[in-house]
Amino acid sequence: MQKQSDKIVTILGGTGFLGRHVVAKLASSGALVKVATRVPEKVYKLKVSGKISQIVPVACDYTDEESVLAAIHGSDMVVNCVGILFEKGKKQTFQKVHVELPALLAKACAQEGIKRFVHISALGCSAGISRYARSKLEGEKVVISSYPKATIIRPGVMFGADDNFFNMFAEVARCVPFLPLIGGGKTRLQPVFVGNVAAAVVKVFDSAPDKYRGNIYQLGGPEVMSFKEVYAFIEKYTMRERKLFNVSFKLAKYLAWFMEFAPRPILTRDQVNSLKTDSVVLEGSPGFRFFDIIPKSAHLVVPGYLERFYEGGALSRARITSTG
Ligand SMILES: NC(=O)c1ccc[n+]([C@@H]2O[C@H](COP(=O)([O-])OP(=O)(O)OC[C@H]3O[C@@H](n4cnc5c(N)ncnc54)[C@H](OP(=O)(O)O)[C@@H]3O)[C@@H](O)[C@H]2O)c1
């Protein structure tokens with residue numbers, strides 16, 4: 001029987017937030033991890049997560065069939081963690097990144113006879129009306145049409161020390177005395193710990209090839225929070241009280257139009273549309289229990305890294321006084 005240490009996993013998007021966690025866990029599991037990337041230099045700092053030569057960068061052009069085929073050649077498993085939050089110009093479009101790349105990759109996996117293919121989608125994409133959500137759903141469809149036995153994972157908004165969610169709102173709250181409640185802040189989210197999502201991906205690697213094939217898993221954490229509750233959560237753990245004010249979807253879109261001129265906009269019109277539908281696990285759908293994983297509470301993980309947003313820093317007087 002083939003040992004785990006003889007197995008090769010190729011991951012696209014391994015340099016990203018989720019991907020970095022998947023790479024580290026796969027390396028601990030014994031796999032040889034090829035990180036297919038547009039920028040091989042980004043992989044160097046991941047190498048410390050594995051043994052010498054265990055984590056290998058592979059230059060890959062995500063738009064080129066030959067390049068993708070060469071990257072995944074000989075792999076026992078392929079993982080696609082590539083994704084974007086906003087479109088920019090003609091190259092960075094949801095269609096290219098969330099539909100065309102998965103289509104090309106799924107076809108390549110089928111052609112190469114890859115046994116396990118994990119594709120990362122997004123929670124709430126089936127009901128979402130944003131271009132982001134619709135492209136994620138379309139991505140799932142094109143994957144299934146070429147590789148029906150793919151394992152599709154739909155994570156909720158992910159948190160972890162280096163996240164772009166709680167950290168981003170805490171940073172905004174640090175800079176301004178008020179925070180907008182878009183559409184009244186009623187949109188419900190189900191934040192999930194990035195380490196738990198990465199662990200689910202690795203379970204696919206560690207299990208029999210058939211176990212997770214041909215299914216869609218919705219992965220959300222134990223708490224469902226409205227956006228208003230997200231702000232209250234951040235306020236609690238940064239001890240920065242901020243005034244909240246309602247912003248209609250219409251006005252938010254108008255403001256987002258201006259923000260879209262920034263190289264990395266913190267809000268886009270499409271993201272405003274994302275806020276019109278909830279992003280929570282649908283009752284009865286396959287999820288963490290299929291992986292024997294108990295998802296971590298945000299209350300256990302997030303306070304540890306939001307500490308730095310305390311007035312005066314993590315060791316501030318305010319914190320010491322309030323926690324007694
Ligand atoms: N973060 C969340 O809260 C969240 C929630 C739900 C679903 N998801 C999905 O989960 C997956 C991983 O999310 P993440 O937050 O880890 O993603 P990420 O860090 O933002 O990006 C993942 C990777 O995508 C590649 N990428 C970035 N911009 C690109 C572009 N313009 N064209 C082509 N490739 C590009 C990069 O890989 P290289 O530079 O190495 O090529 C990057 O490392 C994505 O599919 C995302 O849609 C994320």
Side-chain angles (χ1 to χ4, degrees), residues 10-24 33-46 55-64 67-68 71 79-102 104-105 118-126 128 130-140 143 150 152-169 189-198 200-201 216-221 225 230 263-264 270-271 274 278-281 298 302:
T10 302
I11 173 166
L12 287 81
T15 59
F17 174 46
L18 170 63
R20 292 193 293 272
H21 289 261
V22 175
V23 168
V33 189
K34 290 200 290 175
V35 183
T37 171
R38 298 164 304 160
V39 193
E41 292 77 15
K42 287 207 270 182
V43 182
Y44 296 160
K45 58 184 179 209
L46 301 181
I55 298 169
V56 184
V58 178
C60 184
D61 176 350
Y62 298 157
T63 61
D64 181 66
S67 178
V68 170
V79 184
N80 178 25
C81 288
V82 172
I84 53 171
L85 277 174
F86 54 86
E87 302 185 293
K88 263 283 163 221
K90 287 199 175 124
K91 282 196 173 157
Q92 184 173 313
T93 65
F94 291 137
Q95 175 66 20
K96 279 193 162 54
V97 181
H98 294 166
V99 183
E100 289 171 21
L101 167 62
L104 203 145
L105 190 53
V118 181
H119 172 70
I120 308 296
S121 183
L123 194 61
C125 69
S126 52
S130 62
R131 286 169 57 80
Y132 169 84
R134 282 190 278 128
S135 69
K136 281 300 215 181
L137 187 63
E138 179 67 19
E140 291 183 359
V143 163
I152 294 181
I153 290 181
R154 292 182 180 172
V157 59
M158 289 183 277
F159 62 84
D162 42 351
D163 72 39
N164 195 22
F165 182 67
F166 287 119
N167 279 307
M168 197 263 283
F169 286 110
L189 308 171
Q190 196 165 348
V192 60
F193 176 49
V194 64
N196 291 145
V197 178
V201 175
I216 298 180
Y217 298 92
Q218 303 195 14
L219 303 186
M225 301 181 191
V230 168
R264 290 186 62 85
D270 193 60
Q271 284 162 354
S274 290
D278 293 337
S279 175
V280 294
V281 171
V302 181

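Atoms within each ligand, like the ligands themselves, are counted from 1 in listed order.
Remark: T93 pairs with E87, Q95, K96 by the side chain to side chain contact (heavy atoms under 4.5 Å, CB included) rule, at least two apart or across chains.
Under the side-chain hydrogen bond (donor to acceptor under 3.5 Å, both in side chains) rule, S121 has a single partner from K136, E140, R154, which is E140. Screening V82, V68, T37 against C60 for a side-chain contact (heavy atoms from CB on, under 4.5 Å) leaves a single residue, V68. Results of the side-chain contact (heavy atoms from CB on, under 4.5 Å) test with Q218 over I153, L123, V192 single out L123 as the only residue that passes.
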Please step through side chain to side chain contact (heavy atoms under 4.5 Å, CB included) for the pair T15 and V43, ending with a clear verdict.
-> CA-CA 6 Å; T15 59; V43 182; 3.9 Å; yes

Below 3.5 Å only, please: the N or O atoms of ligand 1 paired with protein N or O atoms, distance on each line.
unit_1   : atom_1 : unit_2 : atom_2 : d
ligand 1 : 3 (O)  : M158   : N      : 2.8
ligand 1 : 16 (O) : F17    : N      : 3.1
ligand 1 : 16 (O) : L18    : N      : 2.8
ligand 1 : 19 (O) : F17    : N      : 2.9
ligand 1 : 24 (O) : G83    : N      : 3.4
ligand 1 : 26 (N) : R38    : NH2    : 3.4
ligand 1 : 31 (N) : Q92    : OE1    : 3.2
ligand 1 : 32 (N) : R38    : NH1    : 3.4
ligand 1 : 37 (O) : T15    : OG1    : 3.4
ligand 1 : 39 (O) : R38    : NH2    : 2.9
ligand 1 : 39 (O) : K42    : NZ     : 2.5
ligand 1 : 40 (O) : T15    : OG1    : 2.6
ligand 1 : 40 (O) : T37    : OG1    : 2.6
ligand 1 : 41 (O) : R38    : N      : 3.1
ligand 1 : 41 (O) : R38    : NE     : 2.9
ligand 1 : 41 (O) : Y62    : OH     : 2.5
ligand 1 : 43 (O) : T15    : OG1    : 2.7
ligand 1 : 43 (O) : G16    : N      : 3.0
ligand 1 : 45 (O) : V82    : O      : 3.1
ligand 1 : 45 (O) : K136   : NZ     : 2.7
ligand 1 : 47 (O) : Y132   : OH     : 3.2
ligand 1 : 47 (O) : K136   : NZ     : 3.0

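Between F94 and H98, the angle of the ring planes stays under 30°, which puts this pair in the parallel group of the 30/60° scheme.
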